[in-house]
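Input: a single structure, listed below in structure tokens.
Every value quoted in this text rests on a predicted model; they were computed, and no experiment measured them.
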Amino acid sequence: MQTPYNPKDIEKKWQDYWKEQETFVVKEDAQKKKFYGLVEFPYPSGSGLHVGHPRSYTAMDIICRKRRMQGYNVLFPMGFDAFGLPTENYAIKTGRPPAEVTKENIENFTRQLQLLGYSFDWSRTVDTTDPQYYKWTQWIFLQLFERGLAYKKNKPINWCIRCKIGLANEEIVGGNCERCGGEVEKRDKEQWMLAITKYADSLLEGLKEVDYIKRAKVQQEHWIGRKEGVNITYKVEGSEENVVCFTTRPDTNFGATFVVVGPEHPLVSTITKSDKKKEVDEYVKKAKLTKEIERTAEDKEKTGVFTGSYCINSLNNKKIPIWVADYVLGNVGTGAVVGVPGHDKRDFAFAKAKDIDIIRVVVDKNGDTTPITKIEQVQEESGTMINSGFLNGLDIHEATQKIMDYIEEKGWGKKVINYKLRDWVFSRQRYWGEPIPLIHCVDCGWVPVPEDQLPVKLPHVEKYEPTDTGESPLAAMSDWVNTTCPTCAGPAKRETDTMPNWAGSSWYFLRYCDPNNNNELASRESLTYWSPVDWYNGGMEHTVLHLLYSRFWHQFLFDIDLVPTKEPYKKRTSHGMILAKGGEKMSKSKGNVVNPDDIIHEFGADTLRTYIMFMGPFDQVAEWDTNGLVGVKRFLDRIWLLQTKVSDSTPENPEAQSALHKTIKKVSEDIESMSFNTAVAKMMELSHTFQKLDTIPKRYFEKFILLLSPFAPHISEQMWQNLGNINTIVYESWPAYKEEYLQEEEVTIAIQVNGKLRATITVNADSSEEDITAAAKTDAHIVPWLAEKVIKKVIYVPGKLVNIVA
RNA sequence: GCCGCGGUGGUGGAAUGGUAGACACGAGGGACUUAAAAUCCCUUGAAGGAAACUUCGUGCGGGUUCGACUCCCGCCCGCGGCACCA
């Protein structure tokens with residue numbers, strides 16, 4: 001008699017077995033083809049694993065388990081991205097050292113991940129806060145520094161007042177701090193910058209050779225924001241100065257009626273006429289005090305003041321006024337814009353507000369030539385030039401090319417490529433991050449910490465609070481800060497800023513290849529064997545920043561010949577978020593977070609894993625529904641009970657055999673396309689088919705268990721053992737289907753009359769088209785529909801349907 | 001505003017242009033049981049009909065096609081990203 005299915009005993013038993021047997025520990029093996037499956041390593045927060053994490057992990061676990069069964073040598077690692085603000089904030093509140101808190105959190109996360117039965121190679125775990133790890137994060141930074149890609153710059157940074165931290169542009173959401181939602185202001189501060197813009201083209205180019213989901217590519221392209229245009233030089237009348245304006249639409253330049261410089265523009269004071277000085281100064285002062293979010297609000301009314309100066313549009317020798325207006329941003333393009341109000345919405349609004357001429361130079365496809373002052377302004381995607389001298393009659397795109405060449409030829413401007421991408425603000429005035437390994441010497445300037453002195457370890461401090469002065473808590477540690485210059489041995493000071501969170505996660509996948517190497521970030525041999533990551537799954541929230549940053553670092557490492565491939569990830573997919581019941585995000589404050597521990601306790605890890613895969617399309621958001629677990633649990637219960645029906649000496653059953661092979665095909669294909677929900681559904685169907693049998697041939701059941709094992713590994717191992725197998729199921733061969741078994745003896749053919757279903761008939765699979773159409777026409781259900789009608793046409797789709805057109 | 005994704009039963013969701021609603025939840029009925037739980041079986045898009053069956057039905061309006069959830073055109077709604085980016 002079969003014992004009942006008891007996930008608690010089974011799951012613990014097999015988790016212990018895998019650990020003792022080192023089932024998932026891998027080594028490089030030149031004889032085997034490799035597969036590197038990667039999931040984003042979690043931030044080990046104090047609240048533990050969240051039910052959203054297992055969506056990504058289970059999916060990749062299934063893929064990796066399948067690859068092992070397909071004979072691949074599989075690297076599937078896990079680690080912890082453990083530097084970060086929540087831990088630091090917790091330390092501030094409780095006074096406990098972040099390292100201690102981190103250690104506890106990692107232990108808890110590890111426990112939870114192991115309860116889920118993932119096939120991670122735990123011997124390769126990395127922790128970004130481990131000095132043996134961040135030694136190499138610092139080392140990579142120094143490589144960037146030595147090649148001029150890390151530089152210090154005094155620039156206005158985004159300062160979160162509440163977190164007391166400088167933020168990267170990427171960390172501002174809707175003008176507020178991404179983390180705390182608080183106000184952000186501009187502050188001048190010396191910041192370490194990484195020259196990611198030097199890699200803009202390369203990062204764009206690299207996207208062509210990788211297999212990323214479309215929206216990940218599109219978002220990255222958008223973020224890089226490459227734009228071809230021309231910097232046009234406008235001579236300021238009665239002055240030696242020039243105003244340079246970037247535009248992507250030089251075709252409309254005959255319609256230029258003004259130039260606007262932003263309040264930050266360096267020429268503002270020089271070009272302002274004395275009688276306008278007071279007004280301009282006041283305007284500029286006010287603009288600088290206005291928060292960027294207010295200034296750039298889309299529906300904000302256009303304001304600005306005339307400088308009193310004019311410049312000359314060389315194209316038509318027209319004299320046009322120069323204005324100062326805050327809708328022009330200092331950090332975009334050249335910080336100055338040529339105003340073409342006829343064909344740019346913002347220029348139009350400005351011209352209307354200031355009563356400046358509006359000239360139409362483009363006729364859209366409707367041929368409308370109404371003066372633009374009389375209609376709402378347009379911004380055409382296509383059209384023909386008018387009022388534009390030698391451009392007249394040209395399509396706007398042709399005109400753009402022609403005039404760019406012309407302007408450059410005449411020396412009035414220069415073709416340029418602009419990017420939306422900015423250099424990466426790389427310093428943080430916080431404690432819980434990697435110290436930036438540089439020393440400042442009055443005589444020698446910034447000097448790297450010598451390699452043999454890495455890592456620069458985080459010292460123990462008494463207080464973790466950041467300061468209002470904008471200095472890291474490390475700045476107060478005078479023993480640590482004061483040091484000697486590695487070059488001249490004179491007195492020198494350490495850099496007290498730390499690196500941002502993104503640093504450790506920008507190369508962690510390389511460290512997994514060789515996690516304990518003390519001499520290099522990872523050995524060339526291990527990187528050559530495992531690189532690149534074959535399949536990387538993660539959240540959409542990381543497709544811009546983390547993905548771009550890590551690609552940048554990786555391309556840099558490739559350029560200095562430390563890694564074997566230009567691109568780090570061959571394939572990138574993304575899972576949808578798991579929302580709480582009701583469609584809200586799960587959050588501690590709302591109290592709607594589902595803890596995997598509770599679910600595992602009640603239903604078991606196999607049920608949880610299978611349910612998460614079954615709940616809906618993998619790439620779309622899904623609402624958590626505890627009721628849904630019931631169905632999956634019943635499915636596993638049912639399979640468990642099927643064991644009693646398994647028999648060694650049962651003849652073939654064509655129907656069951658066909659169902660089995662269809663399931664093999666479907667599950668195999670669905671895993672590859674991440675259609676896990678339909679794979680599970682197909683296995684459920686098969687379980688019903690088997691249930692109807694008196695006895696199940698053992699060879700069928702074994703194949704079924706093999707298919708199930710990536711989804712529900714514990715119960716599968718146990719049933720595999722129950723069937724008399726001695727070895728783990730993990731390295732058994734993935735079942736193959738046979739085309740011949742997919743065919744059924746009889747097929748159901750749909751019969752339509754004029755495209756509407758009127759009957760179905762069941763025929764032998766090998767029936768001829770003639771026989772089937774004849775049977776269709778004479779079917780009792782069909783005959784009345786054809787009465788008094790002439791059959792015009794019969795469409796036959798083999799094995800599917802007959803459509804009689806009458 | 002632009003870009004991406006989506007809209008299908010009471011619910012989550014299935015459907016290479018070919019029988020819409022697989023699979024699952026829930027609900028209703030039945031079997032087993034002293035009873036309940038568990039399990040198993042049946043029914044379950046809507047309307048009409050005793051039934052056979054008929055009509056309608058995949059956000060809305062058109063179109064292509066023998067045939068459209070699927071392709072094309074024009075909209076509406078929801079989610080995500082970007083956004084006075086010149």
Could you tell me whether [X] contacts a base, only the sugar-phosphate backbone, or nothing, with contacts defined as non-hydrogen atoms closer than 4.0 Å?
X      : result
A:M540 : nothing
A:R758 : sugar-phosphate
A:N418 : nothing
A:V805 : sugar-phosphate
A:K792 : nothing
A:K227 : sugar-phosphate
A:Q620 : sugar-phosphate
A:F614 : base
A:E541 : nothing

Going by the rule side chain to side chain donor-acceptor pair (under 3.5 Å), which residues pair with A:K665 if we only count those two or more places apart in sequence or in a different chain?
A:E669
If we ignore angles and hydrogens, is there a donor and acceptor under 3.5 Å between the side chains of A:S56 and A:N537?
yes
Taking only the [atom1] atom of each, what is the distance from [N] to [M] in whole angstrom?
N      : M      : atom1 : answer
B:rG62 : B:rU58 : P     : 13 Å
B:rG49 : B:rA36 : C1'   : 40 Å
B:rC66 : B:rC79 : C1'   : 38 Å
B:rC40 : B:rA47 : P     : 30 Å
B:rC77 : B:rG61 : C1'   : 15 Å
B:rU65 : B:rG78 : C1'   : 31 Å
B:rG18 : B:rC2  : C1'   : 38 Å
B:rC69 : B:rU16 : C1'   : 14 Å

Assigned glycosidic conformation for B:rG30 [threshold 90° from 0]:
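Glycosidic conformation of B:rG30: anti.
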Is the shortest side-chain N/O distance from [X] to OP1 or OP2 of [N] below 4.0 Å?
X      : N      : answer
A:H265 : B:rA86 : no
A:K214 : B:rG80 : no
A:N677 : B:rG12 : no
A:K420 : B:rC85 : no

Hey, which of these two, A:D619 or A:K756, hits RNA chain B nearer its 5' end, going by closest nucleotide?
A:D619
Could you say whether A:H222 or A:M684 is positioned toward the 5' end of RNA chain B, judged by the nucleotide with the nearest heavy atom to each?
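Nearest-nucleotide comparison on RNA chain B picks A:M684.
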Separation of [X] atom [atom1] from [N] atom [atom2], in whole Å?
X      : N      : atom1 : atom2 : result
A:L579 : B:rC79 : CG    : P     : 11 Å
A:I224 : B:rC85 : CD1   : P     : 19 Å
A:E221 : B:rG81 : CD    : C1'   : 14 Å
A:M613 : B:rA24 : CE    : P     : 19 Å
A:L329 : B:rC85 : CG    : P     : 8 Å
A:E685 : B:rA14 : CD    : P     : 14 Å

Where are the stems of RNA chain B, defined as at least 3 consecutive Watson-Crick or wobble G-U pairs with both distances under 3.5 Å?
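Listed by first number, the stems are B:1-7 with B:76-82, B:10-12 with B:23-25, B:26-31 with B:39-44, B:45-48 with B:53-56, B:59-63 with B:71-75.
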Just jot down the ring pair (Phe, Tyr, Trp, His ring centres under 6.0 Å) partners of A:F258, sequence neighbours excluded, or say none.
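Result, ring pair (Phe, Tyr, Trp, His ring centres under 6.0 Å) vs A:F258: A:F350.
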With a 4.0 Å cut-off, would you call A:E40 and A:R572 a salt bridge?
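Yes, charged N to carboxylate O under 4.0 Å.
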Regarding B:rC84, can its base be found pairing with the side chain of A:K302 as donor and acceptor, where the two atoms are less than 3.5 Å apart?
yes
Determine whether [X] and [Y] make a side-chain contact, defined as any pair of heavy atoms from C-beta on separated by less than 4.5 Å.
X      : Y      : answer
A:Y5   : A:I10  : yes
A:K662 : A:E685 : no
A:D619 : A:I213 : no

Short question: side chain of [X], backbone of [Y] - any donor-acceptor pair under 3.5 Å?
X      : Y      : answer
A:Q219 : A:A216 : no
A:H343 : A:V361 : yes
A:T233 : A:G413 : no
A:N418 : A:K227 : no
A:N677 : A:M613 : no

Given B:rG13, B:rC84, B:rC82, the nucleotide with the shortest approach to the side chain of A:D326:
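From the listed options, B:rC84 comes nearest.
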Would you indicate whether A:K8, at its atom NZ, is surrounded by more than 12 heavy atoms from other residues, nucleotides or ligands within a distance under 6.0 Å?
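Yes.
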Any chance you could lay out the side chain to side chain contact (heavy atoms under 4.5 Å, CB included) test for A:F254 and A:I359, step after step, and finish with the verdict?
CA-CA 8 Å; A:F254 280 93; A:I359 301 169; over 6 Å; no
Interatomic distance, CG@A:L315 vs CG@A:N253, rounded to 0.5 Å, equals 5.0 Å
Drop me the distance from A:T248's OG1 to A:I417's CD1, to the nearest 0.5 angstrom.
13.0 Å
Show me the protein contacts with nucleotides 48-53 of chain B, counting only N or O atoms at under 3.5 Å.
residue, atom, partner, partner atom, Å
B:rC53, OP1, A:H781, NE2, 3.3

Nucleic acid contacts - residues 629-638 of chain A versus RNA chain B, non-hydrogen atoms under 4.0 Å:
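Here the set is A:G631, A:R634, A:R638.
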Show the numbers, then the answer: is there a side-chain hydrogen bond (donor to acceptor under 3.5 Å, both in side chains) between A:D625 and A:Y611?
CA-CA 10 Å; A:D625 181 8; A:Y611 169 63; 5.2 Å; no
Listing time: all N or O pairs from protein to nucleotides 16-19 of chain B that are below 3.5 Å?
residue, atom, partner, partner atom, Å
B:rG18, N2, A:Q752, OE1, 3.3
B:rG18, N2, A:N803, ND2, 3.4

